[in-house]
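Here's the structure we're looking at; comments come further down.
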Amino acid sequence: MAGPPENDICSICHGSFDVPCQSNCSHWFCAHCIMTVWRHGSTFHPCRCPLCRRRITLLIPTDAILRRRHEPFIGSILERVETYNRIFGGTSSSLFQKMQDLPFLLRRLLKELMDPQRSLPLVIRARVYIALILSAVYIFSPIDIIPEAVLGVVGLLDDLLIVLICLLHVGALYRSVLYYRHGGL
């Protein structure tokens with residue numbers, strides 16, 4: 001990942017980013033600042049984003065920072081981020097949280113699929129494509145659980161439900177990739 005937008009500052013310390021991390025709500029923070037927010041609240045629960053108040057269940061440092069992991073200051077902060085991700089990043093707590101995280105995960109997944117420098121594991125890439133293809137086949141096939149010809153617009157509900165389930169599955173797959181890449185196991 002390239003990093004935070006140009007001329008952006010950390011919304012916690014109001015300074016330039018020292019170790020930038022992106023949260024699952026797409027906001028950027030200094031890793032040290034967001035870890036301080038977490039430690040000053042309840043360490044048994046994920047902290048809430050200071051900007052949008054969503055629960056932060058995953059923190060993703062930039063690739064440039066990950067390459068500098070051997071530096072003592074950065075290494076210690078990344079260890080705390082990995083601990084946070086291990087505790088809260090494995091799964092979302094509710095369907096509502098998964099729905100909130102879906103745009104962030106799908107946007108990152110699309111960027112990663114289009115970037116020739118990044119490579120998802122073949123198994124994950126195959127599962128994403130299979131899920132998308134099977135949902136497209138169901139949507140465009142004449143066989144429906146709720147037929148559109150009989151019920152009109154209401155008949156589209158099963159198609160929308162299939163698309164939602166497919167996107168949630170793809171989002172969960174990509175979340176697991178991010179989790180293992182940035183602090184899991």
Side-chain angles (χ1 to χ4, degrees), residues 1-94 96-125 170-185:
M1 253 186 73
E6 296 267 337
N7 300 324
D8 198 8
I9 60 170
C10 174
S11 61
I12 299 171
C13 68
H14 300 289
S16 58
F17 296 100
D18 56 355
V19 179
C21 282
Q22 188 177 28
S23 66
N24 56 298
C25 60
S26 298
H27 292 121
W28 288 91
F29 305 102
C30 297
H32 175 71
C33 293
I34 199 66
M35 289 292 95
T36 302
V37 167
W38 174 53
R39 276 187 315 209
H40 281 64
S42 172
T43 56
F44 296 112
H45 302 288
C47 65
R48 293 198 176 268
C49 174
L51 298 173
C52 67
R53 304 305 300 156
R54 280 184 42 200
R55 297 176 83 170
I56 296 176
T57 57
L58 191 63
L59 290 169
I60 304 165
T62 62
D63 291 336
I65 291 298
L66 290 173
R67 286 191 291 273
R68 295 175 44 204
R69 149 174 260 126
H70 63 279
E71 297 176 22
F73 174 71
I74 293 175
S76 68
I77 291 176
L78 287 178
E79 284 178 20
R80 285 185 271 163
V81 169
E82 289 170 357
T83 300
Y84 184 89
N85 285 341
R86 233 184 336 275
I87 296 170
F88 304 114
T91 59
S92 296
S93 58
S94 67
F96 184 69
Q97 181 69 39
K98 290 178 184 178
M99 296 285 290
Q100 284 184 319
D101 290 349
L102 194 58
F104 167 74
L105 294 170
L106 292 178
R107 194 175 27 227
R108 281 189 60 104
L109 175 64
L110 184 63
K111 283 181 184 176
E112 194 160 331
L113 286 173
M114 298 300 169
D115 187 3
Q117 300 297 324
R118 301 289 298 199
S119 63
L120 282 171
L122 182 62
V123 174
I124 301 296
R125 191 175 287 196
V170 168
L173 279 172
Y174 189 60
R175 174 180 270 284
S176 68
V177 168
L178 289 175
Y179 170 68
Y180 286 113
R181 190 182 289 164
H182 300 290
L185 286 185

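Values reported hereafter were calculated over all heavy atoms of this structure, with side chains retained and with hydrogens, waters and symmetry mates removed.
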Checklist entry - If you measure from CZ on Phe104 to OH on Tyr174, what distance do you get to the nearest 0.5 Å? => result 7.5 Å
Checklist entry - In terms of the angle between their ring planes, are Phe73 and His32 parallel, tilted or perpendicular, with boundaries placed at 30° and 60°? => result tilted
Next on the checklist: I'd like to know if the side chain of Tyr84 reaches the main chain of Pro46, judged simply by a donor and an acceptor atom lying under 3.5 Å from each other, with no hydrogens or angles considered.
Outcome noted: no
Checklist entry - For Arg107 and Ser26, does a side-chain donor sit closer than 3.5 Å to a side-chain acceptor? => result yes
Checklist entry - Looking at Leu178, Ile60, Leu59, which one forms a side chain to side chain contact (heavy atoms under 4.5 Å, CB included) with Asn85? => result Leu59
Next on the checklist: Any heavy-atom pair between the side chains of Cys47 and Ile34 that's under 4.5 Å?
Outcome noted: yes
Next on the checklist: Quick check against the 3.5 Å criterion: does Arg54 have a side-chain atom that pairs as donor or acceptor with the backbone of Gln100?
Outcome noted: yes
Checklist entry - Counting N and O atoms only, with roles assigned by atom type, does the side chain of Asn24 sit under 3.5 Å from a partner on the main chain of Arg175, one being a donor and the other an acceptor? => result no
Item to check | Pair Arg48-Ile56, side-chain contact (heavy atoms from CB on, under 4.5 Å): steps then yes or no | outcome: CA-CA 6 Å; Arg48 293 198 176 268; Ile56 296 176; over 6 Å; no
Checklist entry - Thr36 and Arg39: side-chain donor and acceptor closer than 3.5 Å? => result yes
Checklist entry - Taking C-beta and beyond as the side chain, do Cys13 and Cys30 meet within less than 4.5 Å on heavy atoms? => result yes
Item to check | Side-chain heavy atoms of Pro61 within contact of Leu78, under 4.5 Å | outcome: yes
Next on the checklist: Evaluate Arg69 against Leu66 for side-chain contact (heavy atoms from CB on, under 4.5 Å), listing each step before the verdict.
Outcome noted: CA-CA 5 Å; Arg69 149 174 260 126; Leu66 290 173; 3.9 Å; yes
Checklist entry - Does any N or O in the side chain of Asp101 come within less than 3.5 Å of the main-chain N or O of Cys25, such that one atom is a donor and the other an acceptor? => result no
Which donor-acceptor pairs under 3.5 Å do the side chains of residues 5-12 make with protein atoms, sequence neighbours left out?
none

Checklist outcome for this item: Residues at least two apart in sequence or cross-chain that pass side-chain contact (heavy atoms from CB on, under 4.5 Å) with Arg67, listed by chain then number, are Asp63, Ala64
Item to check | Minimum heavy-atom distance between Ala31 and Asp18, given as atom pair plus value | outcome: N-OD1, 4.5 Å
Next on the checklist: Any non-hydrogen side-chain atom of Cys21 less than 4.5 Å from a side-chain atom of Trp28?
Outcome noted: no
Next on the checklist: On a heavy-atom basis, which atom in His45 and which in Trp38 lie closest, and how many Å separate them?
Outcome noted: O-NE1, 3.2 Å
Checklist entry - Does the side-chain contact (heavy atoms from CB on, under 4.5 Å) test come out yes or no for Phe29 and Cys49, once each step is laid out? => result CA-CA 10 Å; Phe29 305 102; Cys49 174; 3.6 Å; yes
